[in-house]
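Heads up: the structure comes next, in structure tokens.
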Amino acid sequence: MDNAVSLLREKCPLVHCMTNYVTVNDVANAILAIGGSPIMADDIDEAGEIASVSSALVINIGTLNARTIESMVAAGKSANEHSVPVIFDPVGAGASALRCRTVDRLLSVVRFSIIRGNLSEMSYIAGFESRTKGVDSGLTDKDTDPVAVASIVADRFNTVAAITGAVDTIVDSTRVARIHAGCREMGMITGTGCMLTGITGAFRGAVSDGFEAAVAAILSMGIAGEMGYAEAKDKGTGSLRVAIIDALSRMDDSTLLGHGGVEYASR
Amino acid sequence: MDNAVSLLREKCPLVHCMTNYVTVNDVANAILAIGGSPIMADDIDEAGEIASVSSALVINIGTLNARTIESMVAAGKSANEHSVPVIFDPVGAGASALRCRTVDRLLSVVRFSIIRGNLSEMSYIAGFESRTKGVDSGLTDKDTDPVAVASIVADRFNTVAAITGAVDTIVDSTRVARIHAGCREMGMITGTGCMLTGITGAFRGAVSDGFEAAVAAILSMGIAGEMGYAEAKDKGTGSLRVAIIDALSRMDDSTLLGHGGVEYASR
Amino acid sequence: MDNAVSLLREKCPLVHCMTNYVTVNDVANAILAIGGSPIMADDIDEAGEIASVSSALVINIGTLNARTIESMVAAGKSANEHSVPVIFDPVGAGASALRCRTVDRLLSVVRFSIIRGNLSEMSYIAGFESRTKGVDSGLTDKDTDPVAVASIVADRFNTVAAITGAVDTIVDSTRVARIHAGCREMGMITGTGCMLTGITGAFRGAVSDGFEAAVAAILSMGIAGEMGYAEAKDKGTGSLRVAIIDALSRMDDSTLLGHGGVEYASR
């Protein structure tokens with residue numbers, strides 16, 4: 001997909017975000033910067049309606065609560081009914097019983113086009129079925145191999161599974177991509193993961209192939225991190241946050257194509 | 001009103017904001033930048049009490065929910081009882097049944113000093129009465145004329161109606177102002193509308209004429225957008241957001257008077 | 001404590017924040033900038049669990065509501081049971097009946113390691129017991145002396161009491177520190193107090209002496225304010241916010257030691 005950014009900017013997809021209140025402003029500004037149109041709506045009386053008319057729905061459980069969990073379920077079901085792709089960011093999966101239950105529930109009632117998390121979160125999801133049955137999942141040392149973990153998630157949930165880290169891994173039923181982009185310093189600000197999930201929704205709203213949408217989004221975010229760090233490294237992390245959004249707003253297809261940090265393989 | 005900014009900075013009005021969690025930080029910083037003092041409080045057990053001691057109350061339904069709607073109603077009624085002016089930002093009016101119901105309800109139980117929205121939101125409000133009666137409102141092609149739409153809103157709700165867009169329109173019972181300020185790029189960040197409504201509350205808390213307060217606020221925001229864009233245009237939208245708040249903090253009366261972008265007329 | 005910053009950066013304490021939605025992003029970025037790891041979780045079904053595994057818990061009632069108050073109580077009790085230090089920021093104590101009741105309740109059921117507020121908030125807490133008994137607290141002109149007010153709070157609640165203002169005052173059972181750092185312009189942005197409370201949690205998660213943790217945090221924030229203002233003073237308050245977080249991310253022990261703005265005394 002050589003024109004994902006220009007497609008996105010041309011279509012300006014409406015991205016319905018049910019996300020956490022810590023980084024919601026960054027998510028909205030990242031989606032706008034890359035060319036989408038964000039809308040945040042989490043009341044149960046409108047979440048399904050808004051999802052039904054959106055180009056993509058993003059569900060991020062960073063600051064979940066009893067009220068918003070029900071809204072997420074309703075929005076996810078509505079999106080599925082209306083063929084609106086749903087992107088899932090299982091923030092903190094495994095970190096509390098509530099998060100485990102909520103992840104399990106969402107996975108059981110909503111079909112996701114793309115699931116993106118870190119290795120720990122995705123490992124939780126990969127082991128979900130076995131764990132809840134009280135038997136060992138058969139996961140071995142391969143659990144720490146992102147390609148293996150992502151493959152289990154992709155197959156079990158018939159989805160694109162993306163694990164972000166020092167190297168990013170994207171897997172669908174037949175393809176694998178490994179992305180070498182971004183920098184360690186992105187972890188010094190809150191929200192780079194949430195922003196990434198947000199722009200993944202924007203790309204998915206413009207590009208029907210979830211694998212290509214995820215690759216374009218993760219590469220864009222990584223490049224924005226590199227550009228941002230180059231700009232802000234002598235200033236500090238407040239400037240880094242600003243510079244990353246600046247870089248997203250200047251992103252274009254030739255920058256993505258010229259980066260050279262993506263390796264593709266078959267499964 | 002040649003001294004609105006200096007009056008605001010001298011009085012430092014307390015502005016109670018019931019606003020959305022996406023842009024609430026920007027709203028608070030914009031109010032501080034222009035010289036006001038923001039307070040956010042949305043629990044039903046204190047919303048009315050806080051509103052009663054404020055200089056202005058801002059109600060913005062960007063991320064409304066069942067809990068906060070009741071608090072908005074309570075705060076609005078309390079403000080009316082205590083002669084505290086109320087500013088309304090009907091974010092997304094018309095976009096969902098919940099938003100329509102909530103806008104209708106707020107308009108029926110709270111008197112607003114100023115209502116500010118985009119043309120779509122204000123058109124919804126202009127057609128409210130007829131629509132709920134199931135009859136045509138008699139709105140014709142003039143519906144797309146901001147002066148006509150704002151005039152209907154101003155007359156029906158005995159308020160100052162402000163429609164912001166490429167050109168901004170402010171109407172009260174006898175006056176019309178058209179403001180040529182700001183730039184298209186302000187739409188590339190989230191929150192410029194919410195920040196504007198926030199500083200409208202700050203100006204209204206210092207200036208008793210709602211029409212003049214709205215004009216000063218909209219002109220200030222437009223100029224801040226122009227200054228911010230001049231500063232940030234080679235950097236990107238993260239910098240634009242910072243530069244707009246910077247510009248608000250440096251705003252003064254002579255900058256407003258020198259801009260020349262306001263046309264006044266009688267109705 | 002000559003190595004508080006390096007200790008913090010080495011330990012990278014997990015700081016569970018139950019804080020307001022206005023400044024939560026700044027709090028998270030400030031904690032990251034100084035070297036901690038923030039986690040925000042406010043649902044009653046996980047707040048206690050998350051608190052139990054954290055290095056510190058921060059409770060800030062800036063935008064309290066009926067739901068989150070119960071979660072704060074549960075998290076505070078859990079933290080106490082698991083010997084996790086709890087930091088309290090009683091935002092707006094005295095400003096509404098709900099805030100007064102909530103402050104009283106939290107103080108009665110949770111033991112706080114550090115309580116930090118402005119003079120007005122801390123004066124409310126100092127007079128709490130007498131007020132609720134309907135009798136005069138015996139507070140006299142000394143009420144406006146921060147050392148006197150902080151001493152009452154420190155003794156009554158067996159805590160470290162910190163009152164921030166033009167000069168900052170930190171008191172425990174035997175010691176007093178007065179800090180001359182920061183600048184008036186920090187009040188031109190929202191969140192400097194909340195960020196300070198957040199990094200106080202980060203320091204307290206790395207330094208077992210609450211008095212020393214509070215001194216290091218308050219001095220760090222004051223220096224960051226001075227550095228930020230030096231950087232941003234010709235630009236405006238949007239830049240000031242960015243520059244303060246930048247400065248926190250560059251903070252080190254030698255900067256703290258070299259500032260010279262701390263006076264110590266015995267009580």
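Keep in mind that the numbers below use all heavy atoms, side chains included, and drop hydrogens, waters and symmetry copies. Chain letters run A, B, ... following the sequence lines, proteins first and then strands; every chain starts at 1. The structure displayed is predicted, hence computed values, not measured ones.
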Can you establish whether the number of heavy atoms outside D2(B) located under 6.0 Å from its atom CG is more than 12? no
If you round to the nearest 0.5 Å, how far is [atom2] of [Y] from [atom1] of [X]?
X       : Y       : atom1 : atom2 : value
L32(B)  : L240(C) : CG    : CG    : 11.0 Å
T237(C) : R250(B) : OG1   : CZ    : 9.5 Å
R99(C)  : D45(B)  : CZ    : CG    : 11.5 Å
I44(B)  : L98(C)  : CD1   : CG    : 11.5 Å

Measure distances from [X] to the heavy atoms of chain B and classify the residue's part below 4.5 Å as side chain, backbone, both or neither.
X       : value
R241(C) : side chain
V22(C)  : both
I69(C)  : neither

Looking only at heavy atoms and a cut-off of under 4.5 Å, which of G62(C), S96(C), G187(C) has the most pairs with chain B? S96(C)
Mark yes or no for whether E46(B), through its side chain, and A97(C), through its backbone, hold a donor-acceptor pair below 3.5 Å. no
So which atom in S249(B) and which in G236(C) form the shortest heavy-atom distance, rounded to 0.1 Å? OG-CA, 3.3 Å
Under the criterion side-chain hydrogen bond (donor to acceptor under 3.5 Å, both in side chains), I'd like the reasoning laid out for S239(C) against D246(B): C-alpha separation, chi angles, the key distance, then a yes or no. CA-CA 6 Å; S239(C) 292; D246(B) 277 349; 2.5 Å; yes
Would D42(B) and N65(C) count as a side-chain hydrogen bond (donor to acceptor under 3.5 Å, both in side chains) if you check the C-alpha gap in whole Å, the side-chain angles of each, and the deciding distance to 0.1 Å? CA-CA 7 Å; D42(B) 65 21; N65(C) 65 53; 4.7 Å; no
Could you walk me through whether T190(C) and N25(B) pass the side chain to side chain contact (heavy atoms under 4.5 Å, CB included) check? CA-CA 8 Å; T190(C) 188; N25(B) 184 272; 3.8 Å; yes
